[in-house]
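What follows is a single structure, written as structure tokens, with notes after it.
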Amino acid sequence: MHIVVLCKQVPDTESRIKLNADGTGFDMEGIKWILNPYDEYAVEEALKIKEAGKAEKVTVMGLGPDRIVEALRTALAMGADAAVHVKTGEDTGDTSSVAKALADAVKAQDAGLVLAGCRAIDDDMFAVPCMVAEYLGVGQAHVVSKLEVDGGKAKAWRDIDGGAKQVIEMALPGVVTATKGLNEPRYASLPGIMKAKRKPVEVVEPAAGGAKAKLVKCSLPAERAAGRVFEGVESVPEVVRLLREEAKVI
Amino acid sequence: MSNVLIVCEVKNAEPKKSTLELLSKGKEIAGALGGSLSAVAIGSGLGGFADKVAPYGAAKVYVADGAAEYSTEGFTKIIADAVAKDGAGVVLFSAGSQGKDLAPRLAARLEAAFATDCVDIGVDGGKVTVKRPVFAGKAFAHIAMEGSPAVVGLRPNSFPVAEPAGGTAETVALPADFGDVKAKVVEVVAGESSRPDLTEAERIVSGGRAMKEAANFKILEELADVIGATVGASRAAVDSGYAPQSRQVGQTGKTVNPVLYMAFGISGAIQHLAGMRTSKVIVAVNKDPEAPIFQKADYGIVADLFEVVPKMTEEFKKLLAEG
Ligand SMILES: Cc1cc2nc3c(=O)[nH]c(=O)nc-3n(C[C@H](O)[C@H](O)[C@H](O)COP(=O)(O)OP(=O)(O)OC[C@H]3O[C@@H](n4cnc5c(N)ncnc54)[C@H](O)[C@@H]3O)c2cc1C
Ligand SMILES: Nc1ncnc2c1ncn2[C@@H]1O[C@H](COP(=O)(O)O)[C@@H](O)[C@H]1O
């Protein structure tokens, strides 16, 4: 079986986000880019499946401008075999075309299983892999914290409300998205990093499609007004009273 | 002119609060687009369901009664059917755990414009525009939905529920037929809590590393019981085994949006703030006056949480007994 893992490059969580001059986009100057943390779980799971002898090859795939190859190299350094760079410009806010282009590139790979993160920490859409599943016409298991793959079938435990889990049985090919708890991603070793430099990165250019949604403006949240800080347990009755009378939340 | 169709979430044959939020906002959007408001509900025992959503403005309700457990593909098929029958130009979901799974699948099937977890939605020159948090709430993206239909997920607790009015709704029965499903639900394992999911909770009390052990979360449970809250946790508390993963709030946990968030013994790391910064009112209790969480808190108490929590439970009990 061939596993394709969708890997997105995202700004590090600690990054300061700035708007561009006319407020139509973000100024990404000086941002530290990382592999989306949820995608690390997906890469790790793919490598574990391969190590268990249930897959022959792990290909990582990312869509975006040239800078994203660095994130693909991180996944290659963890142990993936090959990478596909779906080359586009910067994101314009149209999730559908991202998913469509990825789905088209996946089709060319003859994948038995597509793994992805359940969410990208920059746009928090929780969506691209589900759209890919639909475009591929296969089943999906979204937000998975336990996975078993065996003989053309997958069994996945999806996290749903309040800690409940939905257990899915799915004929492969299919799409599974990873969340925390699935595994502990390995670190890239030094030999891994050296080897990654020589692994193949195939570049594909997606057909241009019309955007269905468009980023028109960006803004920053209003600063929270400074709150009040009280000293000691004696202040509890006062705070409780304020929560009802002033904040009106109880 | 464009109709708005909202996708109901049903629990024990009742619309969830998030569904009433959708109806209330959906009515406004339908008005601005000069269309009508419809709803689609899938579940079982939905006999009188139309009467429950009509007071919030739904004129027509598509009901697939007799469907079993939630299934992504099954629900997608039925909702796509409702969209086709209704000719809806806008489909609204609640971006809870079900909506996050279902909305993108439906959007892809309909070749629709898509955005989710929106905290605002409006109509500008006949076009739907949305505002959604990005970069863990550090900024907002404003997106114009160019394509039609538009499938939009709204963040729970972001829109007020309108006062119910009179009105009746026409029921249109749809077959509760999931069709050929590739990912089959074989079992549902119950969660450890019957409280609302963190993503939908109106009140949350969270504990951090300072809780010291799993058994101590009992005091937060007691407080939560009194004020009708769901219990959350920091990653440090989860990774130390004090709380299950499903309770984690933050960048690698749940994004929450309650009216009240209370953080006990949580320092306020950026990855924690990422999950709860849009909470309406934040209360922080920490021994350390320098803890960064105090910079985000509306009300802070510098004290030992093990003294504060029982005292708070007692004070809230008194207050609520007063009515
Ligand atoms: C990639 C990545 C993802 C992450 N994702 C998340 C996430 O999703 N959610 C998350 O929460 N974190 C996340 N983290 C971890 C985050 O950086 C912090 O380490 C974590 O939030 C700290 O948890 P804490 O506040 O409970 O513990 P600490 O930072 O140890 O804080 C404990 C606090 O309790 C106070 N305290 C101690 N005793 C008492 C007492 N008796 N009474 C009152 N106060 C007391 C202390 O003064 C201190 O402020 C992530 C980190 C990384 C690198
Ligand atoms: N540009 C992209 N390139 C590769 N994978 C992506 C891209 N965008 C999203 N994904 C995948 O889809 C998951 C969910 O992303 P999102 O829907 O944007 O929250 C991510 O964790 C990735 O696995």
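Order of the sequence lines sets the chain letters (A, B, ...), proteins ahead of strands, with each chain counted from 1.
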Under 4.5 Å heavy-atom distance to chain A, tell me which part of [X] shows up: side chain, backbone, both or neither.
X	value
B:Val283	side chain
B:Ile227	side chain
B:Gln248	side chain

Would a distance-only check, ignoring hydrogens and angles, find a side-chain to backbone donor-acceptor pair under 3.5 Å from [X] to [Y]?
X	Y	answer
B:Lys138	A:Thr13	yes
B:Arg132	A:Asp123	yes
B:Gln245	A:Thr179	no

Side chain to side chain, [X] and [Y], heavy atoms closer than 4.5 Å:
X	Y	result
A:Val239	B:Glu315	no
B:Lys182	A:Gln140	no
A:Val240	B:Glu314	no
A:Tyr38	B:Thr252	yes

(Q) I'd like to verify something: which residue of A:Asp161, A:Asp124, A:Val132, A:Val229 has the highest number of heavy-atom pairs under 4.5 Å with chain B? (A)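 If we count pairs closer than 4.5 Å to chain B, A:Asp161 comes out on top.
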| Partners of B:Gln98 by side-chain hydrogen bond (donor to acceptor under 3.5 Å, both in side chains), sequence neighbours excluded? |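 Listed in chain order: nothing, the list is empty.
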ask   = In terms of side-chain geometry, is the basic nitrogen of A:Asp159 or B:Lys254 positioned less than 4.0 Å from the acidic oxygen of its partner?
value =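 A salt bridge is absent here (no side-chain N lies under 4.0 Å from a carboxylate O).
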Please determine if A:Glu134 and B:Arg105 form a salt bridge, counting it only when a charged side-chain N lies under 4.0 Å from a carboxylate O.
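Looking at A:Glu134 and B:Arg105, the cut-off is met.
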- Scan A:Leu215, A:Val216, A:Thr24 and name whichever one has a side chain to side chain contact (heavy atoms under 4.5 Å, CB included) with B:His142.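 Only match with B:His142 under side chain to side chain contact (heavy atoms under 4.5 Å, CB included): A:Val216.
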For the pair B:Asp298 and A:Leu242, evaluate side chain to side chain contact (heavy atoms under 4.5 Å, CB included) and give the outcome as yes or no after the intermediate values.
CA-CA 10 Å; B:Asp298 301 282; A:Leu242 287 168; over 6 Å; no
Name all residues meeting the ring-ring contact (aromatic ring centres under 6.0 Å, His included) criterion together with A:Tyr135; count only those two or more places apart in sequence or in a different chain, and write none if there are none.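 ring-ring contact (aromatic ring centres under 6.0 Å, His included) check on A:Tyr135 returns nothing, list empty.
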Exercise for the section: Check the pair B:Glu111, A:Lys100 against salt bridge (Lys or Arg N to Asp or Glu O under 4.0 Å), reporting the backbone distance first and the verdict last. Expected result: CA-CA 10 Å; B:Glu111 301 278 347; A:Lys100 187 77 167 223; 3.3 Å; yes
